[in-house]
Amino acid sequence: MHKKIYILCFVFLILIPGSSLVYSQKGKRVETTGKEFDLPAKRLSVEERRKFDYYFYEAMKAKSVNKYDAAFDLLKYCQAIDSTNANIYFELGNYYSLLDNKNRALDFFRKATAYDTDNFYYNMAYASLCLEFKQYSDAIEQFEKLTRKNPDNTDLYLYLAEAYRQDGDLASAVSTLDRLEQIVGLNEKVSLQKFQLYTMMKQEKKGYGEIQKFIDKYPAEIKYHVLLGDLYLQAGKKDEAFAVYSKAKAIDPEDPYLISSMAEYYEQTDNKEAAESELRAALVSPKMDIDTKLAILAQYVGTLQTNNQGTQTANALFDTLMVQHPQEPKLNLMYGNLLMIQKKLNEARFQFQVYADANPTNAFGWEQMLSTTFPDSINLSIKICKDAISYIPDQPQFYFYLGMSEYLNKDYTNALDALQKGVKYVDEKNVGLLSDFYGQMGDLYYHMGKKDSAFVAYDKSLSYKPNNLGVLNNYSYYLSLERKDLDKAEKMSSMTVKAEPSNPTYLDTYGWVLFEQGAYTMAKIYIENAVKYSEGDEEKQSAEVLEHYGDVLYKTNEPEKALEYWIKAKEKGDSDSETLDKKIKTKTYIAK
């Protein structure tokens with residue numbers, strides 16, 4: 001039957017603890033943009049203060065229950081009462097930031113810091129948004145002010161260093177991290193950031209010196225030797241890397257991370273045998289946990305693929321690990337994925353089955369099993385879907401593929417039952433999946449002879465996803481077969497052709513709708529293209545397309561050529577046309 005099957009920089013928004021009120025500052029001198037000046041202060045009367053407190057409290061109450069429109073209106077009313085209140089500007093800044101109106105938010109945060117220059121949260125929000133807007137000088141000024149007033153807050157130095165880095169002042173970024181190091185002492189994260197900065201400044205010697213500090217202080221800690229060697233290797237300094245790795249071997253030649261790094265070194269120096277030997281040593285090491293081993297294996301397989309090498313060599317490593325860790329289903333899952341890459345579907349399915357048996361409520365294992373069977377092994381697909389549903393009955397994808405598989409088995413009743421059960425579990429936000437469910441129901445209803453129900457299902461499918469091409473195609477084609485609502489069918493089918501102008505199925509459907517409208521010359525153009533684009537592809541060039549081409553040839557006064565294509569359609573052997581034999585026998589077009 002002619003149809004398409006459905007296969008599936010940071011900004012701080014900080015609330016004031018305890019929602020304490022911040023009243024207007026009176027005659028306060030503040031520092032902003034490098035200058036000091038007096039802001040106008042507003043003295044509130046007792047009545048104004050009472051009203052302000054009341055409406056501000058109501059605004060915060062509305063905000064707490066997500067009534068943002070009401071909160072905004074109340075805050076604006078509070079602003080009208082006291083236009084010098086920093087808290088109001090901060091809250092309005094948060095509001096505009098949530099609305100993604102960052103320009104307004106920046107302006108309000110600036111005003112909040114102007115009216116309360118000492119408030120940590122106001123300054124932090126303003127500085128962060130300045131950084132996001134690439135107003136680096138303002139961001140740097142704010143972060144410098146914050147670090148002066150909060151010298152023990154170590155995070156501020158990281159933000160300040162980042163602001164300097166983005167501004168291109170790498171030396172000041174390093175200097176800021178030096179200040180941080182004076183507070184926290186030698187720190188790996190800080191040193192790595194300094195290494196990156198020195199590298200950007202083309203001062204590599206100083207960069208490597210940052211890591212050497214750890215080696216000098218902790219000479220027996222092999223991880224720092226490995227880190228330095230890795231950094232050399234990443235920079236293409238293979239000789240320096242090997243020298244550092246050799247020193248590390250003197251500390252612990254069986255360290256799995258060193259062995260892994262040595263494997264990468266040998267890989268980069270094109271010594272494949274040595275690389276595999278090192279890798280195997282790392283994988284069998286009892287010192288390395290299974291997750292790290294899996295990460296190394298994944299990296300190794302990725303390297304083989306990147307270098308266009310066969311992945312078969314990795315199989316032996318998996319076999320070694322399987323013996324060493326027989327109760328690690330994550331290993332089976334990864335091995336299954338590797339076997340899928342190698343197109344060893346049966347072996348992959350076995351590994352996925354082991355994983356699914358160990359984690360029956362994890363949908364991923366069942367989904368991976370299904371990927372080895374659908375749509376080529378329908379009965380196996382049905383079994384996998386039913387097994388998955390027995391453990392996790394609220395996962396709609398398994399009902400969908402169960403319905404699809406039963407449909408391909410021509411068991412329309414069970415297929416429809418599966419889809420009707422599964423659609424109840426689809427999240428309303430997942431409009432694509434809902435559309436596919438109802439689209440497939442439409443196909444089933446049509447095959448079951450329930451044509452009105454089919455068209456209702458198609459309409460519901462398109463209400464979720466109006467551009468669902470598979471549904472648009474099938475809906476329009478079945479309307480044309482019923483010679484019903486042809487204008488609607490033509491409009492829907494034209495959408496599919498515009499989206500995929502070389503798709504033989506869509507071209508044939510559109511051509512056939514035009515044929516039923518009597519536009520034979522136009523119909524011939526589209527169906528002829530459908531034949532052209534499906535040549536050489538047995539799946540795409542169906543008997544139905546060939547028969548349609550014969551029909552349109554007959555209608556455009558080419559009866560001999562029409563007979564030729566009717567015979568070709570007959571020879572395809574997959575036609576369910578009730579009129580094809582009569583056309584060939586009578587050499588005349590006969591309507592269905």
Side-chain angles (χ1 to χ4, degrees), residues 4-8 290-291 293-295 297-298 301-302 318 321-322 325-409 411 414-441 443-444 460-461 464-465 468 470-471:
K4 185 176 181 71
I5 292 178
Y6 314 100
I7 307 288
L8 302 174
I290 184 63
D291 288 333
K293 291 180 180 181
L294 291 176
L297 263 178
V301 172
F318 273 101
L321 273 184
M322 301 284 267
H325 302 278
Q327 303 299 322
E328 284 292 345
K330 287 183 288 187
L331 181 58
N332 298 98
L333 181 63
M334 183 178 283
Y335 194 16
N337 289 332
L338 175 64
L339 292 168
M340 283 286 285
I341 293 171
Q342 298 169 0
K343 300 189 184 305
K344 297 179 179 180
L345 301 186
N346 290 333
E347 295 175 49
R349 188 182 316 118
F350 173 78
Q351 299 298 332
F352 294 143
Q353 180 74 66
V354 174
Y355 178 83
D357 288 344
N359 303 274
T361 58
N362 186 328
F364 189 67
W366 301 107
E367 289 169 348
Q368 291 299 89
M369 285 181 67
L370 195 56
S371 69
T372 69
T373 61
F374 187 87
D376 301 316
S377 303
I378 297 304
N379 290 330
L380 263 176
S381 297
I382 291 172
K383 182 181 184 307
I384 291 168
C385 288
K386 287 183 175 179
D387 287 346
I389 289 169
S390 70
Y391 287 105
I392 37 178
D394 61 346
Q395 296 295 303
Q397 65 270 35
F398 298 115
Y399 294 94
F400 183 80
Y401 281 103
L402 177 59
M404 289 285 295
S405 300
E406 298 280 21
Y407 171 74
L408 293 172
N409 255 2
D411 188 346
N414 281 331
L416 184 61
D417 180 65
L419 292 170
Q420 288 174 332
K421 287 178 179 176
V423 75
K424 298 175 183 176
Y425 297 110
V426 182
D427 188 330
E428 278 294 318
K429 295 178 182 177
N430 193 346
V431 293
L433 186 56
L434 284 167
S435 180
D436 286 343
F437 261 94
Y438 285 107
Q440 192 59 44
M441 287 183 202
D443 290 348
L444 285 165
K460 189 159 188 178
S461 171
Y464 286 108
K465 187 180 178 183
N468 189 321
V471 174

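For clarity, every value in this text was computed on a predicted model and none was experimentally measured.
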Original post:
For atom NZ of K421, is the number of surrounding heavy atoms from other residues, nucleotides or ligands below 6.0 Å larger than 12?
Top reply: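 No, the 6.0 Å shell around NZ holds no more than 12 heavy atoms from other groups.
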**OP:** Please say whether more than 12 non-hydrogen atoms of neighbouring residues, nucleotides or ligands are located less than 6.0 Å from NZ in K344.
**Re:**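 Count over threshold, so yes.
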**OP:** Assess whether side chain to side chain contact (heavy atoms under 4.5 Å, CB included) is satisfied between Q395 and W366, documenting all intermediate values.
**Re:** CA-CA 11 Å; Q395 296 295 303; W366 301 107; over 6 Å; no
**OP:** Might you work through the side chain to side chain contact (heavy atoms under 4.5 Å, CB included) test for F400 and V426, ending with a clear yes or no?
**Re:** CA-CA 10 Å; F400 183 80; V426 182; over 6 Å; no
Any side-chain heavy atom of [X] within less than 4.5 Å of one from [Y]?
X    : Y    : result
L321 : Y335 : no
Q342 : E347 : no
N332 : M322 : yes
L416 : Y407 : no
N359 : F364 : no
K424 : Y399 : no
V423 : L434 : yes
N409 : N379 : yes

Subject >> Candidate pair Q368 and M340, rule side chain to side chain contact (heavy atoms under 4.5 Å, CB included), full reasoning >> reply: CA-CA 9 Å; Q368 291 299 89; M340 283 286 285; 5.5 Å; no
I need the [X] [atom1] to [Y] [atom2] distance, nearest 0.5 Å.
X    : Y    : atom1 : atom2 : answer
K386 : Y391 : NZ    : OH    : 15.5 Å
E328 : L294 : CD    : CG    : 7.5 Å
N414 : S405 : CG    : OG    : 12.0 Å
N346 : S377 : CG    : OG    : 7.5 Å
L339 : F352 : CG    : CZ    : 7.5 Å
L380 : L345 : CG    : CG    : 11.0 Å

What are the two closest heavy atoms between [X] and [Y], and how far apart are they?
X    : Y    : answer
G439 : V471 : CA-CG2, 3.7 Å
L370 : C385 : CD1-SG, 3.8 Å
L419 : G403 : CG-CA, 4.2 Å

Original post:
Does a salt bridge link D291 with K330, judged by any charged N lying under 4.0 Å from a carboxylate O?
Top reply: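 Salt bridge flag = yes for K330 with D291.
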**OP:** Could you tell me whether the side chains of Q440 and D436 share a donor-acceptor contact shorter than 3.5 Å?
**Re:**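 Judged by distance alone, the side chains do not pair up.
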Original post:
Are the side chain of S435 and the backbone of G432 linked by a donor-acceptor contact shorter than 3.5 Å?
Top reply: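 Judged by distance alone, no pair lies under 3.5 Å.
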Original post:
What is the ring orientation for Y401 with F374, classed by angle as parallel under 30°, tilted 30 to 60°, or perpendicular over 60°?
Top reply: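 Because their plane-to-plane angle is over 60°, the rings of Y401 and F374 count as perpendicular.
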